[in-house]
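So you know, we letter chains A, B, ... as the sequences are listed, proteins then strands, and number each from 1.
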Number of protein chains: 2
Amino acid sequence: MPDQGHATGAEAKPGERAGAGLLFLREEEIRLAQDLLFFAYRDFTGAADPILEELGLGRAHHRALHFIGRNPAISVSELLGILRITKQSLARVLGALVERGMVAPVAGRTDRRQRLLSLTEAGAALEARLFARQRERLAAAYREAGGTAVEGFRRVMRAIMDEAARAYLDGQTRAAGRRWRGGGPEDR
Amino acid sequence: MPDQGHATGAEAKPGERAGAGLLFLREEEIRLAQDLLFFAYRDFTGAADPILEELGLGRAHHRALHFIGRNPAISVSELLGILRITKQSLARVLGALVERGMVAPVAGRTDRRQRLLSLTEAGAALEARLFARQRERLAAAYREAGGTAVEGFRRVMRAIMDEAARAYLDGQTRAAGRRWRGGGPEDR
DNA sequence: GCGCTTACGGCAGCTTCGTTGACATATCGG
DNA sequence: CCGATATGTCAACGAAGCTGCCGTAAGCGC
C-alpha cells in the first residue's frame with residue numbers, strides 16, 4: 001500500500017530499473033521537503049510559545065508584533081496584506097496589543113484616515129524577547145549548516161513563496177540597506 | 001525605533017563602523033529568515049487549500065493524510081507524536097477521514113489494542129491530488145534555486161527542527177531506502 | 001462643493017482546530 | 001490476576017480564522 005505504485009512522476013517506465021529509481025527519488029525528494037517545512041516551521045514558531053503563554057498571548061499576536069516591528073508606521077491594510085487574514089481577525093489581535101500598550105497607532109500625516117502602527121518600547125521589548133528565542137535556534141542551525149547552506153536555504157525558500165511575498169522581501173532588503181547606511185526611520 | 005539600537009549580537013562595539021554594520025546584517029539575516037519561514041510556509045500549505053475546500057476538509061486533514069500516507073500502518077500514538085496535537089483533536093480529524101473512506105484502521109497483529117492507520121485507495125488518490133499542487137510549487141522552486149541550493153535548504157531546515165523530528169526523518173530516509181531497493185510494505 | 005471611493009472600526013454569528021479533564025474498554029505483560 | 005498501556009469518548013472551552021453588513025471620516029475627481 002505504500003505509494004511506490006502510483007508513481008505520480010509524469011512519465012513512468014515501469015520496466016527500466018534505474019529510471020524508476022530516479023523517479024522515486026524525485027518524488028521522495030519532494031515529500032521530504034513537505035516534512036521539512038512542517039517540522040521546521042512547527043519547531044521554529046514553537047520556540048517562542050513559552051513566553052507568549054506566560055503573557056496570555058498567541059502566535060497571531062507574535063506575527064503582528066513581528067511585522068509591525070519590522071515595518072514601523074505600517075498601515076492596517078498593508079499589515080492585512082502581509083498576514084493575509086481578514087480585518088476582523090486582525091482587529092482582535094491588534095486590539096489586545098494596543099490595549100496592553102505594545103502597539104501605538106498614530107494617524108497618518110498625509111492621509112489622516114490611516115492608523116499607522118508602530119511598536120511602543122514595551123512592544124519592542126517583548127518582540128526582542130520573542131526574537132531572542134527564535135534567534136538561538138536559527139543561529140545554531142546556521143552555524144551547523146554553514147554559510148553555503150544558508151545561501152541555498154534562502155534561495156529555495158524565496159522561490160517557494162508567492163510573487164507578492166518576494167516583492168515584499170525585496171522592499172525589506174532595500175529598506176534594511178538604507179537603515180544600514182545610516183538612515184533614520186523613514187516616515188510616511 | 002528600528003532595531004539598530006539594541007544590537008542583540010553578543011559583543012557590540014558601538015564605535016566601530018564596520019563592526020556595527022556586520023552586527024546589523026547578522027540581526028537582519030535572522031529576521032529575514034523569520035520572514036522566509038512565514039511566507040514559504042504560508043504559500044506552500046496554501047497551495048493545496050482549494051482542493052481541500054472543495055471537499056470540505058481542512059489543513060488538519062491534509063496533515064493527517066500526508067503522514068498516514070508516508071507511514072502506512074502507523075499507530076495512533078505515533079501519529080499523535082508527529083503532529084503534536086491532542087488525542088481529541090486528532091480523533092475529530094481522523095473520524096472524518098475514516099467516515100469518508102479515506103483512511104482504514106486495522107487492528108494490529110502483534111498488539112491488538114492498536115489501530116494501525118493506512119490510506120484507502122480513495123485516500124491515496126486525494127493525497128496524490130493534494131501532493132501534486134505542492135509538488136508543482138516545490139519543483140519549480142527547486143529548478144529555480146538549483147541543486148546546491150536544495151542541499152543547503154535541506155541542511156538548514158533539518159538543523160532548525162527538534163532532535164525528535166530529526167530522528168523521525170532519519171527513520172523516514174532509511175525506510176525510503178528500503179522501499180527503493182525493492183522491499184514491500186514493512187508491517188508491524 | 002457634491003459624490004464616489006477608500007481606510008478603518010464595530011457588531012453578530014459561524015467554523016476549524018486546538019485545548020483540558022474525566023472516564024470506559026480492551027489488551028498486553030509480568 | 002493486576003497494573004500499565006493503547007485507544008475511544010463525552011463535555012466544555014478557547015484561539016483564531018471566516019462572512020456579511022453597516023457606519024464614519026477622509027481623500028479625491030469632476
*asked:* Does C:dC8 have OP1 or OP2 under 4.0 Å away from a side-chain N or O of A:Ser77?
replied: yes
For B:His66 and A:Asp35, does a side-chain donor sit closer than 3.5 Å to a side-chain acceptor? yes
Reading nucleotides 15-22 of chain C from 5' to 3' and marking B where a protein heavy atom lies under 4.0 Å of the base, S where only the sugar-phosphate is that close, and - otherwise, the string is --BBBBB-
Here the gap from A:Leu37 atom CG to B:Met161 atom CE, rounded to the nearest 0.5 Å, amounts to 8.5 Å
Exercise for the section: May I ask you to check if B:Arg31 and A:Phe131 form a cation-pi contact, with NZ or CZ under 6.0 angstrom from the six-membered ring centre and within 45° of the axis? Expected result: yes
B:Glu78 atom CD is separated from D:dT7 atom C1', nearest whole Å, by 14 Å
**Request:** Could you go through the salt bridge (charged side-chain N to carboxylate O under 4.0 Å, His left out) check for A:Glu54 and A:Arg129 one step at a time?
**Result:** CA-CA 12 Å; A:Glu54 158 191 323; A:Arg129 284 186 66 200; 3.2 Å; yes
Regarding B:Arg166 and A:Asp43, does a basic nitrogen lie under 4.0 Å from an acidic carboxylate oxygen? no
Rounded to whole Å, CG of A:Leu97 lies from P of D:dA16 at a distance of 11 Å
Close N/O contacts between protein and nucleotides 27-30 of chain C (under 3.5 Å):
from: C:dT27; atom 1: O2; to: B:Arg113; atom 2: NH1; distance (Å): 3.3
from: C:dC28; atom 1: OP1; to: B:Arg112; atom 2: N; distance (Å): 3.1

Exactly one candidate in A:Thr173, A:Asn71, A:Asp162 meets side-chain hydrogen bond (donor to acceptor under 3.5 Å, both in side chains) with A:Tyr168; the answer is A:Asn71
In this structure, OG1 of B:Thr45 is separated from CZ of B:Arg59 (nearest 0.5 Å) by 3.5 Å
Contact between A:Val156 and B:Met157 at the side-chain level, heavy atoms closer than 4.5 Å - yes or no? no
When rounded to whole Å, the CG to P distance for the pair B:Leu80 and D:dT7 reads 8 Å
